[in-house]
Amino acid sequence: MYRMTVLLALLCATCHVALSVTDGLLPNGNFEYGPKASEMKGTVVTAKNAIPSWEIAGYVEYIKSGQKQGDMLLIVPGGAFAVRLGNEASIKQKLNVTKGSYYSITFNVARTCAQEEKINVSVSPNSEPNDWGILPVQTVYSSNGWDSYAWAFQADASQIEISIHNPGVEEDAACGPLIDSVGIKYLSNPKRTRDNLLKNGNFEEGPYVFPNADWGVLIPPHIEDDHSPLPGWIIESLKAVKYVDSSHFAVPQGKRGVELVAGKESALAQIVKTIPGKTYALTFSVGDANNACEGSMVIEAYAGKDSIQVPYTSKGKGGFKRAKLMFKAVSTRTRVMFLSSFYTMKNDHSGSLCGPVLDDVKLVSVRKSRRLL
């Protein structure tokens, strides 16, 4: 299916057509199909439709893995090629989607120059003028310098255009982030059940995870994304949380979990309907992701006016324990929130941030709580 989509894109390399997509890599989303030699000047792409399935604007470079930038060796994790966006440069692609549905974009990004590099992600048409996100990429969470970011949106039309833009104004116009492996995923709307008043408490519904990316997916703060890539949950913090999968990490239950990678600046919350005066039980798993994140960790859980601190000593090789917070609701809506008490770094000398893993979060009335531990 993917080969056929790419073939259609190559047959129309000079036009900006909309292609129907399913969950996974966008057409030529890894940029392995590149410009003709006549459409490049050195590494700079000179024609707006030179990269099949994409339209470019501004100073865009087509980078081959292993290419040098001064003393820096540029590595591409998802194949042999990537693009670099200079000042005010952008890449765009049109897609056919289901109007009114929610989707999440996942893309790999690496900083190459400035400490304050940012990425502006947007979709058009867009009935909400502020429905775009500027994602800061100065903090590197992976050991190899590449991070995956997710950004969600609601489709306002059956044909949309996704844009990834570098709003930077560096002295060197070529300075800018590398972009590789852009994917998409349809987001369903998880329901609350009698056995769990929280939506998506097991985190199984979330952004697309690239099969070859072993560093997880960063979900940005709510201030940068009105529609969370993690349905049901709000990232109520200054920094991102990391979405991890069981193919590359230790996850307490199921295939997905959340790593709180930035101390108290990495918080996850959900607002749930409750009955004032009624007692509830909030249960959850605390563990580590088997990613060399060692030491003492603490997850703080809050439910209304009540809270609990759950310590966990990690050897960095996986494992988890269960915890429970009993509380009495004081209003018709209760905010449930989790955060990590402090920063932790991996022991691989990369300086990469890490933290405790949260999973299998359940909230029930007290009469059902006995089943949970």
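Any value given below was found using the heavy atoms of this structure, including those in side chains, with hydrogens, waters and symmetry copies removed.
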Decide if atom NZ of Lys321 counts as having more than 12 heavy atoms of other residues, nucleotides or ligands within a radius under 6.0 Å.
->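 For Lys321, atom NZ is crowded (more than 12 foreign heavy atoms under 6.0 Å).
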For Lys346, does the NZ atom have more than 12 heavy-atom neighbours from other residues, nucleotides or ligands under 6.0 Å away?
->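 Count over threshold, so yes.
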Please say yes or no: joined through hydrophobic side-chain contacts below 4.5 Å, possibly via intermediate residues, are [X] and [Y] part of one cluster?
| X | Y | answer |
| --- | --- | --- |
| Ile91 | Val76 | no |
| Val244 | Ile299 | no |
| Ile219 | Val258 | yes |
| Leu198 | Ile275 | yes |
| Ile164 | Leu218 | yes |

Identify the heavy atoms of [X] and [Y] that sit nearest to each other, and give their distance.
| X | Y | value |
| --- | --- | --- |
| Trp54 | Pro27 | NE1-O, 3.9 Å |
| Val361 | Phe284 | CG2-CB, 4.0 Å |
| Ser266 | Ala240 | OG-O, 2.9 Å |
| Asp359 | Val251 | OD2-CG1, 3.3 Å |
| Asp180 | Phe81 | OD1-O, 3.2 Å |
| Pro35 | Val45 | CG-CG2, 4.0 Å |

Under a 3.5 Å distance rule, please check whether [X] uses its side chain to pair with a backbone N or O of [Y] as donor and acceptor.
| X | Y | answer |
| --- | --- | --- |
| Asn28 | Tyr33 | yes |
| Asn120 | His165 | no |
| Glu259 | Gly355 | yes |
| Ser148 | Val217 | no |
| Gln270 | Gly232 | yes |
| Lys278 | Val366 | no |
| His248 | Pro211 | yes |
| Thr274 | Ser331 | yes |
| Asn166 | Leu85 | yes |
| Thr283 | Lys324 | no |

Quick one: does [X]'s side chain get under 4.5 Å of [Y]'s, heavy atoms only?
| X | Y | value |
| --- | --- | --- |
| Leu325 | Ser307 | no |
| Glu55 | Gln93 | no |
| Arg335 | Glu236 | yes |
| Val272 | Arg192 | yes |
| Pro177 | Arg111 | no |

Candidates Ser340, Pro356, Pro311 - the one meeting side chain to side chain contact (heavy atoms under 4.5 Å, CB included) with Met297 |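 Of the listed residues Ser340, Pro356, Pro311, the side chain to side chain contact (heavy atoms under 4.5 Å, CB included) partner of Met297 is Pro356.
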When rounded to the nearest 0.5 angstrom, what distance separates [atom1] in [X] from [atom2] in [Y]?
| X | Y | atom1 | atom2 | value |
| --- | --- | --- | --- | --- |
| Leu238 | His222 | CG | NE2 | 13.5 Å |
| Ile160 | Ile184 | CD1 | CD1 | 5.5 Å |
| Phe338 | Leu268 | CZ | CG | 7.5 Å |
| Leu358 | Leu260 | CG | CG | 6.0 Å |
| Glu61 | Leu178 | CD | CG | 8.5 Å |
| Asp195 | Leu363 | CG | CG | 12.0 Å |

Sequence neighbours excluded, which residues qualify as ring-ring contact (aromatic ring centres under 6.0 Å, His included) partners of [X]?
| X | answer |
| --- | --- |
| Phe203 | Trp233 |
| Phe249 | none |
| Tyr280 | Phe327 |
| Phe342 | none |

Do the ring planes of Tyr208 and Phe210 sit parallel (below 30°), tilted (30 to 60°) or perpendicular (above 60°)?
->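 The arrangement is perpendicular - the two ring planes meet at more than 60°.
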Is there any ring-ring contact (aromatic ring centres under 6.0 Å, His included) pair reaching into residues 168-197, and which pairs are they, with sequence neighbours excluded?
->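 Passing the test, one end in residues 168-197: Tyr103-Tyr186.
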Through direct or indirect side-chain contacts below 4.5 angstrom among Ile, Leu, Val, Met, Phe, Trp and Tyr, which residues connect to [X]?
| X | result |
| --- | --- |
| Tyr59 | Val44 |
| Leu339 | Tyr302, Met337 |
| Leu187 | Tyr102 |

Under 3.5 Å side-chain donor-acceptor pair for Ser341 and Glu300 =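 On atom types as modelled, these side chains qualify, holding a pair under 3.5 Å.
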Residue pairs fulfilling salt bridge (charged side-chain N to carboxylate O under 4.0 Å, His left out) with at least one residue in residues 201-217, sequence neighbours excluded |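 Checked against salt bridge (charged side-chain N to carboxylate O under 4.0 Å, His left out) - neighbours excluded - the pairs reaching residues 201-217 are Lys185-Glu205.
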List the steps and the verdict of side chain to side chain contact (heavy atoms under 4.5 Å, CB included) for Lys191 and Asn189.
-> CA-CA 6 Å; Lys191 304 298 183 182; Asn189 183 19; 3.7 Å; yes
Sequence-distant partners of Met345, side chain to side chain contact (heavy atoms under 4.5 Å, CB included), two or more places apart |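 Leu353.
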Qualifying side chain to side chain donor-acceptor pair (under 3.5 Å) pairs with a residue from residues 309-319, counting only residues at least two apart or across chains = Asp288-Tyr312
Enumerate the residue pairs fulfilling disulfide (SG to SG under 2.5 Å) with a member in residues 228-320, sequence neighbours excluded, ordered by first and then second residue.
->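 Disulfide (SG to SG under 2.5 Å) check on residues 228-320 returns Cys293-Cys354.
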